[in-house]
**Q** 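To start, I am sharing the structure in question, which I have written as structure tokens.
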Amino acid sequence: ADGYTLVMMVESSHAVNPNVYARPAYDPVKDFTPVTNIANVPGVMVVSASSPYQTAQQVIEAARKSPGKLNYGSSGNGGLSHLSGALFGDTTHTRITHVPYKGLGPALNDLMARQIDVVFDNMPSSGALIAGKQLRALAVSSPSRLPQLPEVPTYAEVGLKPMNDMSWYGLGAPAHLDPAVRARLSEAMKKTLQNPELVKTIEQQGAVVDFQTPQQFAATVARSNQAWARLIQDIGFEKLN
């Protein structure tokens, strides 16, 4: 914990995974020192460009009309895309069938071929396919509509406010990092994120720069852990070994 060994702390590794495994190998809060959040990544609900579903509301109505008939693909059991689909079902009080894949690539391929109905992905993963008219975006998780998808409503706009949080990607260090070193690292990242070229590169990948102080980022990590723990309990998810 000398400040020279750092790690990317992301929502999947530091909020989702510790709650889906029965015996996690690390404590996402006690074993790390949050330094700063760097960027947030919007989630996106996508269907095939040839899908009959033109809006998120149509997907919701289909799920309500025929419980269990609608299906969604994910990167695998317990992954963020799986739990996002579970959150969709929990929020809409519907039952949709989960189809786990070994990674989002195969899931998106089957989505484009209409072997599955919907995928709850993130913008960096699906952005190029949306731009290439291979996928249709129905909703995004963002405080406001994304500049690159101005016609796509947010989850909050379509009545799915619990799904409207973006995934966070931040910088962390081992536990017991010296507070002075933590402050120095945080200030260096703050200056780095003021570089227009870096901001442009991050935004081109579908992410949004979001610098947070160490205290703010620590609160983000703790709050996210609590939220996913509640969801996993609510849906009766059987934890993985």
Side-chain angles (χ1 to χ4, degrees), residues 10-13 15-17 19-20 40-49 51 53-64 67-130 134-143 145-146 149 152-169 205-208 224 227-228 230-232 234-235 237:
V10 303
E11 187 167 15
S12 57
S13 65
V16 175
N17 288 356
N19 285 299
V20 301
N40 298 326
V41 171
V44 59
M45 180 197 299
V46 287
V47 296
S48 169
S51 168
Y53 303 118
Q54 300 289 327
T55 66
Q57 191 59 43
Q58 289 178 350
V59 175
I60 296 171
E61 290 171 358
R64 287 175 175 164
K69 184 177 180 180
L70 199 74
N71 57 54
Y72 73 99
S74 80
S75 60
N77 285 318
L80 190 57
S81 54
H82 170 202
L83 295 180
S84 294
L87 180 57
F88 172 86
D90 189 64
T91 303
T92 59
H93 306 292
T94 60
R95 181 167 57 85
I96 56 177
T97 299
H98 174 224
V99 183
Y101 286 80
K102 292 183 178 179
L104 271 171
L108 293 175
N109 285 336
D110 270 8
L111 180 66
M112 289 185 286
R114 292 184 58 183
Q115 298 300 308
I116 53 176
D117 297 306
V118 63
V119 168
F120 300 91
D121 197 7
N122 60 63
M123 275 300 295
S125 175
S126 283
L129 296 173
I130 296 169
Q134 294 166 285
L135 293 179
R136 178 185 303 129
L138 303 183
V140 295
S141 61
S142 179
R145 295 193 181 195
L146 299 177
L149 295 174
V152 179
T154 67
Y155 277 112
E157 286 182 272
V158 299
L160 300 173
K161 189 175 180 179
M163 299 186 67
N164 210 51
D165 292 330
M166 293 190 283
S167 296
W168 42 266
Y169 288 70
Q205 297 180 52
V208 180
S224 187
W228 284 113
R230 283 195 301 269
L231 173 68
I232 288 165
D234 288 347
I235 64 176
F237 179 82

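Being a predicted model, the structure only gives us computed values, none of them experimental.
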**Q** Could you list all the salt bridge (charged side-chain N to carboxylate O under 4.0 Å, His left out) pairs where at least one residue sits in residues 107-122, not counting sequence neighbours?
**A**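 Output for this query is empty, none listed.
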**Q** How far apart are the C-alpha atoms of Asp165 and Tyr155, what are their side-chain angles, what is the distance that settles it, and do they pass the side-chain contact (heavy atoms from CB on, under 4.5 Å) test?
**A** CA-CA 9 Å; Asp165 292 330; Tyr155 277 112; over 6 Å; no
**Q** Could you give the distance from CD1 (Ile232) to CG (Asn19), rounded to the nearest 0.5 Å?
**A** 4.5 Å
**Q** Just wondering, do Met123 and Leu149 contact through their side chains at under 4.5 Å, heavy atoms?
**A** yes
**Q** Please find the pair of heavy atoms, one from Ser75 and one from Ser81, that lie closest to each other, and give the distance.
**A**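 Nearest pair, atom of Ser75 first, then Ser81: N-OG, 2.9 Å.
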**Q** Could you pull out the closest heavy-atom pair between Pro100 and Gly76, with the gap in Å?
**A** CB-CA, 4.0 Å
**Q** Please check this pair: side chain of Asn71 against backbone of His98, looking for a donor-acceptor N/O pair closer than 3.5 Å.
**A**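 Not a single qualifying donor-acceptor pair exists.
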**Q** Quick one, Leu108 and Val119 - any side-chain contact, counting heavy atoms below 4.5 Å?
**A** yes
**Q** Working note: Val208 + Ser142, criterion side-chain contact (heavy atoms from CB on, under 4.5 Å); need CA distance, chi angles, decisive distance, verdict.
**A** CA-CA 9 Å; Val208 180; Ser142 179; 5.7 Å; no
**Q** In Å, rounded to the nearest 0.5 Å, how long is the span from CE of Met163 to OG1 of Thr154?
**A**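 Going from CE on Met163 over to OG1 on Thr154, the span is 11.5 Å.
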**Q** Show the nearest heavy-atom pair for residues Gln58 and Gln54, with the distance to one decimal.
**A**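 Heavy atoms only, the tightest pair is OE1-N, 2.6 Å.
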**Q** Compare all side-chain heavy atoms of Ile116 with those of Tyr101 and state whether any distance is below 4.5 angstrom.
**A**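 Yes, at least one pair of side-chain atoms sits under 4.5 Å.
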**Q** Please report the C-alpha distance between Val59 and Phe88 in whole Å, then the side-chain angles of each, then the deciding distance to 0.1 Å, and finally whether the side-chain contact (heavy atoms from CB on, under 4.5 Å) criterion is met.
**A** CA-CA 11 Å; Val59 175; Phe88 172 86; 4.0 Å; yes
**Q** side-chain hydrogen bond (donor to acceptor under 3.5 Å, both in side chains) with Arg145: which residues, sequence neighbours excluded?
**A**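 With neighbours one apart ignored, the set is Glu157.
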**Q** Hey, which of Val140, Val152, Val44 is the one that makes side-chain contact (heavy atoms from CB on, under 4.5 Å) with Leu146?
**A** Val140
**Q** Strictly distance-based, threshold 3.5 Å: is any side-chain N or O of Ser125 a donor or acceptor partner for the main-chain N or O of Asn122?
**A** no
**Q** Would you give the length of the straight line joining atom OG1 of Thr55 to atom CE of Met45, rounded to the nearest 0.5 angstrom?
**A** 9.0 Å
**Q** What is the distance from atom CZ of Arg64 to atom CD1 of Ile96, rounded to the nearest 0.5 Å?
**A** 12.0 Å
**Q** Specify the closest pair of heavy atoms between Gly206 and Pro42, including all atoms of both residues, with the distance to one decimal.
**A** O-CD, 2.8 Å
**Q** Looking only at atom types and distance, does a side-chain atom of Asn164 sit under 3.5 Å from a main-chain N or O of Leu160, one as donor and one as acceptor?
**A** no
**Q** Can you tell me how far apart CD (Gln134) and OG (Ser126) are? Round to the nearest 0.5 Å.
**A**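 One gets 10.5 Å once the value is rounded to the nearest 0.5 Å.
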**Q** Taking all atoms of both residues into account, what is the closest heavy-atom pair of Phe237 and Gly78, and its distance?
**A** CZ-CA, 3.9 Å
**Q** Indicate the atoms forming the closest heavy-atom contact of Ile235 with Ala86, along with that distance.
**A**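 Here Ile235 and Ala86 meet closest at CD1-CB, 3.6 Å.
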**Q** Taking Tyr53 for the side chain and Val46 for the main chain, is one N or O donor matched with an acceptor at less than 3.5 Å?
**A** no
**Q** Looking at side-chain heavy atoms only, is the closest gap between Gln57 and Val158 below 4.5 Å?
**A** no
**Q** Less than 4.5 Å apart, any side-chain heavy atom of Pro143 and any of Met166?
**A** yes
**Q** Taking the side chain as C-beta and beyond, is there a heavy-atom pair between Phe120 and Leu87 under 4.5 Å?
**A** no
